[in-house]
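Worth saying up front: this structure is predicted, and the values here are computed from it rather than measured. All ligand and atom numbering here is 1-based and tracks the order in the structure. We're numbering straight along the sequence, starting at 1.
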Amino acid sequence: MAPFKYGMIVEGENYCPRAELARQFSKLIESGLNVVVQGERRMGKTSFVCETVKTIRSLELVYIDLYCVKTIEEFCRRVVAAVAALNRSAGFIRRTAQLIASLRPVLTLDRDTGIPQLTVDSRSANSVTSLEEVMDMLSFHASKRKLCIVFDEFQDVLEMADSDVLLARLRAKIQFQNKTPHVFLGSVRNKMHEIFDSPKSPFYKSATSFTVGTIPANDFKSFLAARFKVAKRKVSDAALDRILSIADGISGDVQELCETIWLATDKGDSIGDAEINAGLKLVFAREDKVFGPTLSRLTPIQATLLKGLARNGSAKPFSGDFMSECGIRNVGTVTRALSRLAADEIIYEYGGSWRFVNPFFREWLKLT
Ligand SMILES: Nc1ncnc2c1ncn2[C@@H]1O[C@H](COP(=O)(O)OP(=O)(O)O)[C@@H](O)[C@H]1O
Ligand SMILES: [Mg+2]
């Protein structure tokens, strides 16, 4: 069994506890507030929210994943599935089905597990009225038990046809469930911004903002050291520091690098620079198909600028030194190249400097 997991929700022994953050977040949802959780992708938003809600005894988690949801029917289906997961008893499922009768719910038993599944008929579940019916069903359950309703990848709602009508209806329904905490998770900064911070949006200022950033280094290092120990590898504090620094502390990237280091080593090995480099090489081998074409799509100026940023992390791209090093004379050229690279989601501005969305791409560029 791989001691490191990435690219999925982590829990239990694969989850590094985030006590302080959990305390702050619990306080908000226990007081019934709606919360919008933001953070860069792979920081651990989904894992954090699910794990934290699960530890609050008085709340039951309804986890609705809206990833790539395109139609109202699909939206309804996902809500119904999440509600059905709350309680598999025949009585509960029957009651839920009655509440959404006009969507022609279909009750089936999973062939392997025998667990009852509830789904809805596609032709009957594609109007705004269906969405309202499903939301009313959710409200009904929320009036009977204490729920915490989590919408993950919420920004994908914007990709649905008539998303503005939908958002308005959704907001109207949620507004009346004022004892139930709703949590909205989003990975794409700008789009979540559009929903919660634009005065034109129905969700404007409707939720308290909460940020999930990197795991405090010492907590993460103890967690990782323990995982390496389970896998019979020895790892020094300095090696862990280097791993965190290569991956910018981004939870998912740190775990991926640890996994490749684990793959590149054997039981009893000590992890030092050579082993970290071997792990990094495995990451590059996986990503080569993406990194190469990304680089070759750039204009020469963009590529030079990007490599400059990769080599010198704290560089101020508008400084005379940096520009002359890159052979760029014109400030306007730098501005245009940076905004293009940001629009392509290769870099983003953070507190006055520029960071790579994918830290492994930065490491790869250093070698080109
Ligand atoms: N608390 C944690 N402890 C250890 N690894 C974590 C933690 N949170 C996230 N990760 C790592 O990050 C990956 C992505 O987590 P996820 O919750 O899906 O992030 P997000 O929702 O922000 O994209 C996980 O698969 C795991 O490798
Ligand atoms: Mg997520």
Any chance the rings of [X] and [Y] have centres within less than 6.0 Å?
| X | Y | result |
| --- | --- | --- |
| Phe151 | Tyr63 | no |
| Phe210 | Phe25 | yes |
| Phe184 | Phe203 | yes |

When only distance counts, is [X] in polar contact with ligand 1, meaning an N/O pair under 3.5 Å?
| X | answer |
| --- | --- |
| Tyr15 | no |
| Gly252 | yes |
| Met8 | yes |
| Gly44 | yes |
| Arg42 | yes |
| Gln255 | yes |
| Ile9 | no |
| Cys16 | yes |

Does only the side chain of Thr46 get under 4.0 Å from ligand 1, or the backbone, or both, or neither? Count heavy atoms.
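Thr46 to ligand 1: contacts from backbone and side chain alike.
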If I take every N, O or S atom of Ser187, is at least one of them less than 2.8 Å from the Mg ion (ligand 2)?
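Within the cut-off used here (under 2.8 Å), Ser187 places no N, O or S atom near the Mg ion (ligand 2).
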Could you work out, with ring-ring contact (aromatic ring centres under 6.0 Å, His included) as the rule, every residue matching Phe356, not counting sequence neighbours?
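With sequence neighbours excluded, Phe356 shows a ring-ring contact (aromatic ring centres under 6.0 Å, His included) to no residue whatsoever.
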Stepwise side-chain hydrogen bond (donor to acceptor under 3.5 Å, both in side chains) check, Glu133 with Ser102
CA-CA 8 Å; Glu133 198 167 317; Ser102 80; 2.5 Å; yes
Under-4.0 Å salt bridge between Asp321 and Lys316
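A salt bridge is absent here (no side-chain N lies under 4.0 Å from a carboxylate O).
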Residues Glu132, Arg169: salt bridge by 4.0 Å N-O rule:
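Yes.
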Which of the atoms in ligand 1, numbered in the order shown and given with their element, are less than 4.0 Å from a heavy-atom of [X]?
| X | result |
| --- | --- |
| Ser251 | 6 (C), 9 (C), 10 (N), 11 (C), 12 (O) |
| Ile215 | 1 (N), 2 (C), 3 (N) |
| Lys5 | 25 (O), 26 (C), 27 (O) |

Among side-chain atoms of Glu153 and Ser187, is any donor-acceptor pair under 3.5 angstrom?
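Their side chains do contain a donor-acceptor pair, which is all the 3.5 Å distance test asks for.
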Quiz question: by atom type and distance under 3.5 Å, do the side chains of Ser139 and Asp136 form a donor-acceptor pair?
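No - no donor-acceptor pair under 3.5 Å links their side chains.
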Applying side-chain hydrogen bond (donor to acceptor under 3.5 Å, both in side chains), run through Thr52 and Thr55 and close with a yes or a no.
CA-CA 5 Å; Thr52 307; Thr55 62; 5.6 Å; no
Identify the protein heavy atom lying closest to atom 17 (O) of ligand 1, giving its residue, its atom name and the separation to 0.1 Å.
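Protein heavy atom at minimum distance: Ser47 OG, 2.6 Å.
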For atom 6 (C) of ligand 1, what is the nearest protein heavy atom, given as residue, atom name and distance?
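The closest one turns out to be Val10 CG2, 3.6 Å.
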Judged by non-hydrogen atoms, does Gly39 sit under 4.0 Å from ligand 1?
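So Gly39 does not count as touching ligand 1.
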